[in-house]
> 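I have a structure I would like to understand better, so I am pasting it below and will then ask my questions one at a time.
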2 protein chains.
Amino acid sequence: MSGRASPRNDQARQPTSYDVAQAAGVSQSAVSRCFRPGGSIAPETRARVLKAARELGYQPNAIASGLKAKRSNLVAVLISNLTNLYYPEVLAGLSRRLNASDNRVLLFALETEDEVDAALDQVWRYRVDGAIVAARLQAAQLRAFQRHRVPVVLYNRLSDGPDPVPSVACDSPGGERMLVDRLLAGGHRRFGLICGPEDNTVGRSRVEAARARLGAAGLTPAVTGGSFDHDSGAQGFRRLMTQSGNALDAVICANDLMAIGAIDAAREVYGLDVPRDVSVVGFDGVGPAAWASYRLTTVRQPVDRMTEAAVSMLLERVADPELPPEVRTFAGKLVPGGSARLG
Amino acid sequence: MSGRASPRNDQARQPTSYDVAQAAGVSQSAVSRCFRPGGSIAPETRARVLKAARELGYQPNAIASGLKAKRSNLVAVLISNLTNLYYPEVLAGLSRRLNASDNRVLLFALETEDEVDAALDQVWRYRVDGAIVAARLQAAQLRAFQRHRVPVVLYNRLSDGPDPVPSVACDSPGGERMLVDRLLAGGHRRFGLICGPEDNTVGRSRVEAARARLGAAGLTPAVTGGSFDHDSGAQGFRRLMTQSGNALDAVICANDLMAIGAIDAAREVYGLDVPRDVSVVGFDGVGPAAWASYRLTTVRQPVDRMTEAAVSMLLERVADPELPPEVRTFAGKLVPGGSARLG
DNA sequence: CTGTTAGCGCGTTCAC
DNA sequence: GTGAACGCGCTAACAG
C-alpha cells in the first residue's frame, strides 16, 4: 500500500540475531556464538558480526535466551522491611554483587509478611535461577522452593521448619552476650528489654539470648514488646519505666532503631542523660546509630561479608543444586559508642 | 534402563501447559486461554483445566509468555543512592504499585552514576516494558530509551537534554521559597547554604532557588559544597562557620541528611543550641528528620503521590507509546518542626 | 570453524 | 468453543 515508504525504517522492532546474521553475511547461529562465552568462532567472523551488531544496535534478547537455556539469570530478592533502615544497605550489597556476577535482581519489597505467597507465585512464573529471602518463610513455602527446584538462601532468618536451609545470619546470641557482659561489668543491675515483632526470629533470638545471660547472672529484666521502629522504641522505654518504677540501669533493644527511639524518649520524656542516668544499647549498626546525637552502643553486623556470603552461597547452589544446606553465621562487632557505661 | 522407577517422577522439569492439557484431556491452546484474560473458554473446560493445573502445580512460564507476547511485564527501576535514606521509601512505593499492577521490578541499584550504561545494557536485553529512573541520565542515554522504544519516567531528576522527558518531581524551588520566606520572617539575615553533589540537578535547583530568594531580599549567603550525606552536612557546617566568622543565623541544607549532620556539628563542635543560636532547615522529610533529637524544619515530599504518579505515567506510556512527554510537579509540605525559628 | 536443524513454552491465528 | 499449526528469538547438538 504505502509506496516504498520505508527503506529501512522497520526499526520499530528490535533487531534480532537473524538481522545481524544477514547484515554480516553469516548464519544466525554464528551470531549467537559470538555472544556466548566459549562459542567457537573465528576472530575474523567475530569481528564482522560484532560490527554489524553495533551498527544495528543489536542486544541479545535475554528473555528468549532464558527460554532456551532454561536459565533466566534472574535472582529473586524478597525483603520485608525495606523502610527499616537496615535493609537498604543489605539490598544495595546484594544488588551490587548479583549484578557483578551477571545476574539480575527481581525485587519483591514486602510490606507485610503475608504478601509472601503472592510474591512466590511470581517467583515461580519468572523461572528465577534462585532467591535470597529476608522475610519470614513458612515451612510450606520452603517446601515450595524445593518443589520448584529453586535454590534459596535465607538472610538473617532462621528456618523454623525441621529441615536445615541454606542461610547467612549474624550471630545474635553472641552479640547480645557481648553487650550484656559489658553492661554487667559496667555495674548495671536493673535491666529493661525491648523486643522485636513477635514473629521475627532474629528479634526473638536476640531477646532470648540477652535474657538468658542476665538470668545466668541472677537477674530478671523487665520486658516489653516492640516492632523494630523508632516509635515502638520510645513507647517501649516508657512502659519499661512504668513497669520498673522508674528504676532502670540499662535498656537493651532488639535493634538500633528502637534503641534510638528509647534514647529520644529517655531525654525528652524523662529528662534523663544517656548514658549517665541510663544506658541504652541496640543491635545492627545502622548509619544513624553513629550520629553525634546518639553514638549508640551496639553490635554492628558485617553486612558486606554477609551479602557476599549470601550471593556466593546462592550461586554455588544454582550451579550445583545438590549442595547440602549450610548455615553461615557471622560474628558482629561491638561498637562501644557512647550510649552505655560499659565495663 | 531403570525398571519403571518413575511412575510420575519427572517433576524435575516444571510442568508446562502441554502437561496440563494432557492431564485435562484438552489441547494446549485451551490451557493457554484459561490463563489469559479474555480467552474464550467454556466454564466447564476451564474448571477441568484449572483443576489439572492445580494438581500438577502448573504456573504459566512468564519468560516464554513474554517472548511470544513481546511484553515481559518487567519494569526496570534504576536508583542511584539507595543507602541515602530517602530512596528506600521511594523504592518501596514503586515496588508496591508496580506489583499491584501486575508488573515485576527489575532493580538496578547504582553505586555511582557511571554505572548507568552497564545497567542500561541489561535493561535492553531484558526487553523491559518500561523504566523508572532516579539517577542522572545523559542526553545520549535518554536517546537510547527512544531508540529502543522503552518508555521511561524520571523520578526527581530533570532532563538536561533539549527534549522534554516524562517525569515526576517535587517542586524544589517552591519548597525552598517557603523555607526562605519563613526564615526571613523569623528575622534571620546571615545565611549559610550547603549544596548537594555538583552533578545533581535536584540539589542544584534547591540551592539556586534559595539563593535567588535570598538575593531578592538583598542578602548574599555563604555557600559551601556537600554530597547529601550526614558527614558532609557536618563538615559543611564547620566550613560555613569559618567562612562567616562564626556569625550565622540560619543554615539551609539541600537535603535532610545534611541538615541533621549540620545540627550535630552545631551542637557537638560549637556547643550551639538549635534553633536558639542557629536555625537549620533541610529538604525531603525523611523519617529520622522527625526524631525527637532533631525535629527538623523541612519540606516533606509527597512520596506516596509521587510514586503513584510515576507508575501510572509509565503504565500509560507502555499502553500508548505515543503519549507526549509530561512533567508532573508536586508541591512539598512545610514541616515546621523545631530546628528553626520561623516567622 | 561454520551452517543446518530442532526445539524451549506459550500466544495466536484459523479452520472446524 | 476448540484444536492444529506456526513462530517469538535464541541455544545446542550435529554434520560438514
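Letters A, B, ... mirror the listed sequences (proteins, then strands); counts begin at 1.
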> Choose from dG3(C), dC10(D), dG9(D) the nucleotide whose nearest atom is closest to any side-chain atom of V26(A).
dG3(C)
> Report the distance from atom CD of Q14(A) to atom P of dC8(D), rounded to the nearest whole Å.
15 Å
> Does some side-chain heavy atom of D19(A) sit less than 4.5 Å from a side-chain heavy atom of Y58(A)?
no
> Roughly how many Å is it from CZ in R36(B) to P in dG9(C), rounded to a whole number?
16 Å
> Could you tell me how far apart I63(B) (CD1) and dG9(D) (C1') are, to the nearest whole angstrom?
13 Å
> One thing to verify: whether E326(A) and R317(A) come together as a salt bridge, which I'm taking to mean a side-chain N less than 4.0 angstrom from a carboxylate O.
yes
> What integer distance in Å separates R46(A):CZ from dT2(C):P?
11 Å
> For A62(B) and G25(A), take the nucleotide of DNA chain C holding the closest heavy atom to each; which residue's nucleotide lies nearer the 5' end?
G25(A)
> Tell me whether the side-chain N/O atoms of S17(B) come closer than 4.0 Å to OP1 or OP2 in dC10(C).
yes
> Across the strands shown, which category fits S65(B) at heavy-atom distances under 4.0 angstrom: base, sugar-phosphate, nothing?
sugar-phosphate
> Report yes if a side-chain nitrogen or oxygen of T16(A) is closer than 4.0 Å to either non-bridging phosphate oxygen (OP1 or OP2) of dG9(D); otherwise report no.
no
> Would you indicate, yes or no, if dT2(C) has its OP1 or OP2 atom less than 4.0 angstrom from a side-chain nitrogen or oxygen of S29(A)?
no
> Report the distance from atom CZ of R127(B) to atom P of dG9(D), rounded to the nearest whole Å.
8 Å
> Per the atom types in the model, does the base of dG3(C) pair as donor or acceptor with the side chain of R33(A) at under 3.5 Å?
yes
> By the 4.0 Å heavy-atom rule, please label Y58(A) as base, sugar-phosphate, or nothing.
sugar-phosphate
> If you assign each of K68(B) and S40(B) to its closest nucleotide in DNA chain D, which residue comes earlier from the 5' end?
S40(B)
> I want to verify a distance call: between dG9(C), dT11(D), dG3(C), whose nearest atom is closest to the A30(A) side chain?
dG3(C)
> Between R125(B) (CZ) and dG9(D) (P), how many Å, whole number?
16 Å
> Of all the heavy-atom pairs spanning L137(A) and L154(A), show the shortest one and how long it is.
CD2-CD2, 3.7 Å
> If you measure from the Lys or Arg side-chain nitrogens to the Asp or Glu carboxylate oxygens, is any gap between D102(A) and R104(A) under 4.0 Å?
yes
> CZ of R48(A) versus C1' of dT2(C): gap in Å, rounded?
11 Å
> Which nucleotide sits closest to the side chain of T45(B): dG3(C), dT11(D), dT2(D)?
dT2(D)
> When we call it a touch if two heavy atoms are under 4.0 Å apart, what does L67(B) touch: a base, just sugar-phosphate, or nothing?
base
> Give the rounded distance in Å between these two atoms: OH of Y18(B) and P of dA4(D).
9 Å
> Report yes if the side chains of V75(A) and L314(A) come closer than 4.5 Å at any heavy-atom pair, otherwise no.
yes
> Relative to each other, are the rings of W124(B) and H148(B) parallel, tilted or perpendicular (30° and 60° limits)?
parallel
> Looking at R97(B) and D304(B), is any side-chain nitrogen of the basic one under 4.0 Å from a carboxylate oxygen of the acidic one?
yes
> Where the side chain of K70(A) is concerned, which of dC10(C), dC8(C), dC10(D) is the nearest nucleotide?
dC8(C)
> Between F145(A) and L120(A), is there a side-chain heavy-atom distance shorter than 4.5 Å?
yes
> Quick one: bend of the helix from dC1(C)-dG16(D) to dC16(C)-dG1(D) from 5 pairs per end, to 10°?
30°
